[in-house]
Amino acid sequence: MAKTVYIVGLGLIGASMALGIKRDHPDYKILGYNRSQASRDIALKEGMIDRATDDFASFAPLADIIILSLPIKQTIAFIKELANLDLKEGVIISDAGSTKSAIVDAAEQYLDGKSVRFVGAHPMAGSHKTGAASADVNLFENAYYIFTPSSLTSPDTLEEMKDLLSGLHARFIEIDAKEHDRVTSQISHFPHILASSLMEQTAVYAQEHEMARRFAAGGFRDMTRIAESEPGMWTSILLSNRETILERIEDFKERLDEVGQAISKGDEEQIWNFFNQAREQRQAMEIHKRGGVDSSYDLYVDVPDEEDVILRILELLRGTSLVNIHINEENREDIHGILQISFKNAQDLERAEHLITENTDYTVVIK
Ligand code: NAD
């Protein structure tokens with residue numbers, strides 16, 4: 001039976017979800033809420049949604065499934081508002097917030113006793129882009145789509161959500177909301193703090209040491225890439241997961257102190273072990289097996305500095321899921337080759353390696 005889905009917030013995540021839902025369920029009716037007109041207009045014009053509103057409450061009673069794709073604070077405010085609306089019996093409410101405990105707690109507080117089902121969710125894909133204009137039907141491909149079931153999640157809720165979202169081609173997984181927030185504090189929230197701190201430290205340092213800007217290369221770029229993330233989103237993530245993040249900061253300070261002490265003592269063995277252990281741990285980690293969250297599939301090509309060489313390679317790769325291309329110039333200390341090309345999936349990485357080695361004599365390296 002064709003369902004009516006209400007996407008609340010036609011930003012990057014909401015609009016990309018609308019596209020993914022349409023892909024497998026072209027007969028479903030998608031309603032969209034957005035505060036500003038620009039994203040509403042784009043979503044309607046591009047056929048992502050069938051109808052649009054700037055009045056959140058007006059479409060809610062029509063929906064079989066409501067997906068809140070808004071900043072965390074606003075998600076909570078709308079959950080509270082939904083509790084007072086006359087919704088369809090058994091409607092499913094879900095969200096996309098990057099932290100889960102505060103949202104799930106709010107749902108349990110406000111929706112308990114109503115004839116609604118709720119399941120918290122976090123699609124682990126995104127970028128620094130915002131708004132419906134950046135929507136991408138493949139945004140969630142191969143990414144984890146985390147559900148955090150709670151007392152408001154009945155057994156059939158997840159099945160219905162997975163069916164609705166099948167066109168996202170994501171990997172569905174379930175985890176407790178608190179555990180989700182602990183794990184993401186370590187592997188996502190804290191690394192963002194580190195990247196931004198390192199960026200800030202370097203920027204201040206570079207005021208006195210101008211060459212720091214010029215010498216910053218591959219390692220520095222890899223470490224600070226996520227410092228370009230959207231500040232509003234990260235502020236609300238940190239504020240909605242305070243305790244666990246503060247724990248990670250304290251833990252890290254101790255680790256830094258330990259390395260500092262080893263350096264001041266000149267303890268060669270301890271320093272070597274420090275690096276060696278981290279190397280072994282990283283090699284054993286899932287990101288290294290290309291299965292991890294947010295992983296892209298990179299290959300490096302050693303190319304001569306000749307006219308049209310990049311165009312020639314791109315021509316060979318026509319039709320692959322190429323997502324990024326980067327030319328590593330000047331300092332290539334810790335980088336293989338010069339041209340770095342990223343793909344969305346492993347099949348295309350292999351295909352690209354094959355195409356380039358078959359058709360050129362350039363060296364291709366996959367790290
Ligand atoms: P976005 O900026 O592209 O979209 C945010 C949406 O929220 C827009 O539709 C905006 O109009 C709306 N909005 C903002 N403040 C509002 C308010 N006060 N009242 C009503 N509407 C308001 O952001 P996004 O990337 O789509 O993020 C949406 C949610 O998804 C956030 O909770 C974010 O934590 C989560 N998320 C983001 C990413 C990512 O990398 N972008 C990844 C996973 C989850």
Side-chain angles (χ1 to χ4, degrees), residues 6-20 30-44 48-49 52-60 66-82 93-104 106-107 120-148 165 168 170-171 173 177 180-181 183-185 187-189 191-192 195 225-241 245 293-294 296 323:
Y6 188 17
I7 308 277
V8 181
L10 299 167
L12 171 73
I13 299 291
S16 300
M17 282 174 85
L19 287 173
I30 304 192
L31 312 176
Y33 157 88
N34 205 70
R35 191 172 54 157
S36 70
Q37 190 166 348
S39 283
R40 284 201 306 273
D41 287 349
I42 292 168
L44 278 173
M48 300 170 186
I49 57 169
T53 184
D54 64 351
D55 174 12
F56 165 63
S58 66
F59 282 173
I66 300 173
I67 298 178
L68 305 169
S69 178
L70 303 153
I72 296 159
K73 223 165 143 184
Q74 197 57 34
T75 300
I76 292 172
F78 277 1
I79 288 174
K80 197 172 169 185
E81 200 172 332
L82 284 172
I93 301 169
S94 189
D95 77 303
S98 304
T99 60
K100 299 276 36 103
S101 297
I103 291 173
V104 171
H122 175 199
M124 286 192 93
S127 73
H128 56 282
K129 296 182 193 160
T130 58
S134 318
D136 174 5
V137 71
N138 295 315
L139 183 68
F140 307 103
E141 194 174 300
N142 291 325
Y144 281 122
Y145 196 106
I146 300 178
F147 289 112
T148 59
L165 302 172
L168 269 50
R171 296 192 276 173
I173 192 160
H180 166 277
D181 289 357
V183 172
T184 51
S185 74
I187 52 90
S188 168
H189 311 164
H192 273 81
R225 180 179 61 82
I226 54 178
E228 283 191 41
S229 303
E230 208 277 304
M233 188 175 114
W234 283 94
T235 304
S236 61
I237 287 174
L238 298 201
L239 291 179
S240 60
N241 198 17
I245 292 172
V293 174
D294 263 349
S296 63
V323 285

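All ligand and atom numbering here is 1-based and tracks the order in the structure. Position 1 is the first residue of the sequence, and the numbers go up from there.
- Closest protein heavy atom to atom 28 (C) of ligand 1: S69 O, 3.7 Å.
- The closest approach between any non-hydrogen atom of A125 and ligand 1 is below 4.0 Å.
- Minimum heavy-atom separation, G9 to L70: CA-CD2, 3.8 Å.
- You'll find the side chain of I66 reaches within 4.5 Å of the side chain of L82, heavy atoms only.
- In this structure, Y33 has a heavy atom closer than 4.0 Å to ligand 1.
- Looking only at distances, no side-chain donor or acceptor of S185 sits under 3.5 Å from a matching main-chain atom of I245.
- Nearest heavy-atom pair across M233 and S98 is CE-OG, 4.1 Å.
- When atom types are taken as modelled, the side chain of R40 and the backbone of A52 share no donor-acceptor pair closer than 3.5 angstrom.
- When the options L70, L10, I72 are ranked by their closest heavy atom to atom 32 (O) of ligand 1, first place goes to L70.
- Annotation: E228, atom CD; neighbour count of heavy atoms from other residues, nucleotides and ligands within 6.0 Å does not exceed 12.
- Proximity of H122 to ligand 1, defined as any heavy-atom pair under 4.0 Å, is confined to the side chain (atoms from C-beta onward).
- For the pair D95 and K100, the salt-bridge criterion is met [side-chain N within less than 4.0 Å of a carboxylate O].
- L12 N, 4.5 Å is the protein heavy atom nearest to atom 23 (O) of ligand 1.
- S101 and D181 form a side-chain donor-acceptor contact under 3.5 Å, judged by distance and modelled atom types alone.
- Side-chain contact of S229 with H192: a donor-acceptor pair under 3.5 Å is present, judged by distance alone.
- Closest protein heavy atom to atom 18 (N) of ligand 1: Q74 OE1, 3.1 Å.
- Nearest protein neighbour of atom 34 (O) of ligand 1, counting heavy atoms only, is S98 OG, 2.7 Å.
- Here the shortest heavy-atom pairing between S134 and L12 reads O-CD1, 3.4 Å.
- At a 3.5 angstrom cut-off on N or O pairs, G131 counts as close to ligand 1.
- Residue G9 has at least one heavy-atom neighbour below 4.0 Å for each of these atoms of ligand 1: 9 (O).
- Every pair passing side-chain hydrogen bond (donor to acceptor under 3.5 Å, both in side chains) that includes a residue from residues 230-241 is listed here, sequence neighbours excluded: T99-S240, H189-N241, N241-T244.
- Within the 4.0 angstrom cut-off, atom 4 (O) of ligand 1 has one or more protein heavy-atom neighbours.
- Proximity of a side-chain donor or acceptor of S39 to a complementary backbone N or O of G131 within less than 3.5 Å is not detected.
- L19 meets the side chain to side chain contact (heavy atoms under 4.5 Å, CB included) test with M48, A135, V137; sequence neighbours excluded.
- With hydrogens left out, the protein atom closest to atom 15 (N) of ligand 1 is R35 NH2, 3.4 Å, a heavy atom.
- The atoms of ligand 1 that sit less than 4.0 Å from any heavy atom of G126 are 39 (C), 40 (O).
- Residue contact check for ligand 1: S36 places no non-hydrogen atom closer than 4.0 Å to it.
- Distances shorter than 4.0 angstrom do not occur between any heavy atom of S39 and any atom of ligand 1.
- Closest to atom 38 (C) of ligand 1 by heavy atom, among I13, I7, I226, N34, is I13.
- Looking at ligand 1, you won't find any N or O of F78 less than 3.5 Å from one of its N or O atoms.
- Proximity to P123 (heavy-atom distance under 4.0 Å) selects the following atoms of ligand 1: 42 (C), 43 (C), 44 (C).
- Of the protein's non-hydrogen atoms, the one nearest atom 7 (O) of ligand 1 is P71 CD, 3.3 Å.
- Protein heavy atom closest to atom 30 (O) of ligand 1, with residue, atom name and distance, is A96 O, 3.5 Å.
- Residue contacts with ligand 1, taken as heavy atom pairs separated by less than 4.0 Å, do not involve K73 at all.
- In the vicinity of G97, heavy-atom distances shorter than 4.0 Å reach the ligand 1 atoms 32 (O).
- Atom 39 (C) of ligand 1 has M233 CE, 3.6 Å as its closest protein atom, hydrogens excluded (heavy atom only).
- For the ring pair (Phe, Tyr, Trp, His ring centres under 6.0 Å) with Y33, the qualifying choice from Y6, F78, F59 is F78, the only one to do so.
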